[in-house]
Structures are given as structure tokens and as C-alpha cells.
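Report on the following structure.
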Amino acid sequence: MNKKILVGVTALLFGVTLTGCQVHFDRDAVTFGKVESKKKVVKPKKTNQRVSNKTEIHKKVNKKVKKSKSINKWNLDKTRKLQVIVSNWSKKSGQQYVFYRKKVLKTKNGVTYPWAFKQRKFVLNKKPISIGYSPIGKKRYQYNVVAIANDNFKNWHNTYLFCLKKDKPIILLDQSKNTNPIVVQVVNDKVLNKKFKQIVE
């Protein structure tokens, strides 16, 4: 080895030692100073995706059930119960009511239900109202009619409109003739209102 090179390397090593630097001899090179060790990359632990997926599905199902309960306030079974109640209630006054079930209800000197909701305007307490037939009690109108009962007499008719207003039961009565708008009034019969409320709740 060339003496000059050997002397130069020796002097360099001696100078580095005096300054306190560290010398590292690697396979391919000589490095001076601190050599940072490679940090270990910690991989995140795998979570049980199946469990989390089941939890999310369970939450979605619960939300759907709650929604369906809030939407379906009325059904055919409740209509049948109401029919029995109205039948027993009306016997005292000698009346017999027919409920709307697929076949339209024709009122005496009046209109036909449920088509009247689309063909006529309705007024309650001298104010127009939004009203329509909603057999499951879905909130579509101001007054959502879940059941319709009619009895025709010699010169007039009684048409009871069993409604849900903001999910609360209310009964309206139509006794009008073939007019537009149709004027309705709130039924204040305590027995009928109480029975209807019990079925709704």
C-alpha cells in the first residue's frame, strides 16, 4: 500500500477520534458520525371486520323497524276493529254504516268516496284543509283518512272520516250535498272518539 495514502488515512482516523465522532466500517463504505437505526414500522392490528359489519347491519335493521312502526299507524286489522265499534255504537240510533273496502261509497245527494278527495276541496271551520285517503296512516296530508264509514238516509247522509292529524286521531263528518267545497265538521261524540283513540294507540 502507498505510504502517503496510509499516512493520510491514519491522520484522518486520529483527527476523527479527537473530535469524538464515531467511525463505522461497513461492507461498502466508511461513514463518520452517528448512524440512525432503522425504525420498525408497526402495522396496525386487524380488527374483526365481521363483528363490526354485523353491528352495522343490526343498527340498520333497527332503524328500518322503527321507521316502519312510525309510518304504519293503521292497518286492515284496525279497520275491522273500528267497524265492530261503529256497528255497536250506531245500533242505538238505528243506523247502519258501510265502510269503504275497495268498492266506492256513494253518498245520498252527495259525492263518491274516496274519489271526493281528488275531485273536491274540503273546508273545516271556514278554512280550506288538505285531506286525503291514507289506508296505512302515512303522513301525506294535513288530515290523513284511514277509514271511511257512510250511512244514507232519506234526504241526507252521514259520512264519517276517521283521520290522523300529526298521528293524533280526529273524526270529521260530512253531511253536505253535492257541493264544492265540501264542508266538514269535527265529531265531538265522546264514546266514538275514545274508542277510535284506543285503536290508534
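- Proximity of Val146 to Leu164: side-chain heavy atoms (C-beta onward) are separated by under 4.5 Å at one or more points.
- Nearest heavy-atom pair across Ala147 and Phe99 is CB-CE2, 4.2 Å.
- Looking at heavy atoms from C-beta onward, Thr159 lies in side-chain contact with Leu161 at the 4.5 angstrom threshold.
- Side-chain atoms of Asn180 come within 3.5 Å of backbone N or O of Lys121 as a donor-acceptor pair.
- With sequence neighbours excluded, the residues satisfying ring pair (Phe, Tyr, Trp, His ring centres under 6.0 Å) with Phe122 are Phe117.
- Connection of Ile148 to Val123 is not established within any shared hydrophobic cluster, with ILVMFWY side chains joined at heavy-atom distances below 4.5 Å, either directly or through further cluster members.
- With hydrogens and angles ignored, the 3.5 Å screen pairs a side-chain donor or acceptor of His157 with a backbone N or O of Ser176.
- Note on Trp89: it clusters hydrophobically with Phe196, by side-chain heavy-atom contacts below 4.5 Å among ILVMFWY residues.
- Scanning both residues, Asn155 and Lys177, for their nearest heavy atoms gives O-CE, 4.4 Å.
- Placement of Val200 and Phe162 within a single hydrophobic cluster is found when ILVMFWY residues are connected by side-chain heavy-atom separations under 4.5 Å, directly or transitively.
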Show me the donor-acceptor pairs within less than 3.5 Å that the side chains of residues 127-135 make with the rest of the protein, sequence neighbours left out.
residue : atom : partner : partner atom : Å
Ser134  : OG   : Lys138  : N            : 2.9
Ser134  : OG   : Lys138  : O            : 2.9

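- Partners of Asn178 according to the side-chain hydrogen bond (donor to acceptor under 3.5 Å, both in side chains) rule, which considers only residues two or more places apart in sequence or in another chain, are Arg120.
- Scanning for side-chain hydrogen bond (donor to acceptor under 3.5 Å, both in side chains) contacts around Tyr113 gives Asp174, with sequence neighbours left out.
- The hydrophobic cluster containing Leu173 also contains Leu82, counting ILVMFWY residues as joined when their side-chain heavy atoms lie under 4.5 angstrom apart, directly or transitively.
- The shortest side-chain heavy-atom distance between Val186 and Ile171 does not fall under the 4.5 Å cut-off.
- In this structure, Gln83 and Arg80 have side chains that are in contact, with non-hydrogen atoms separated by less than 4.5 Å.
- By the 4.5 Å heavy-atom criterion applied to side chains, Val187 and Leu172 are not counted as neighbours.
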What's the verdict on side-chain contact (heavy atoms from CB on, under 4.5 Å) for Val183 and Lys126, showing C-alpha distance, side-chain angles and the deciding distance? CA-CA 8 Å; Val183 179; Lys126 298 180 180 180; over 6 Å; no
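- Applying the side chain to side chain donor-acceptor pair (under 3.5 Å) test to every pair with at least one member in residues 192-201, sequence neighbours left out, gives no pairs at all.
- Under a 3.5 Å cut-off, the side chain of Lys78 and the backbone N or O of Lys73 do form a donor-acceptor pair.
- Checking side-chain atoms of Asn88 against main-chain N and O of Ile85 turns up no donor-acceptor pair under 3.5 Å.
- Between the side chain of Asn152 and the backbone N or O of Lys106 there is at least one donor-acceptor pair closer than 3.5 Å.
- Scored by the side-chain contact (heavy atoms from CB on, under 4.5 Å) test, Asp151 finds Gln95, Tyr97, Phe153 as partners (sequence neighbours excluded).
- For the pair Asn150/Val98, no side-chain contact is recorded, criterion being any heavy-atom separation below 4.5 Å from C-beta on.
- Side-chain atoms of Tyr160 and Val86, non-hydrogen and from C-beta on, never get closer than 4.5 Å to each other.
- Side-chain contact check for Gln185 versus Gln175: some heavy-atom pair is nearer than 4.5 Å.
- Counting all heavy atoms, side chain and backbone alike, Lys108 lies closest to Trp156 at CB-O, 3.6 Å.
- Rounded to the nearest 0.5 Å, atoms CG (Asn144) and CD1 (Ile136) are 10.0 Å apart.
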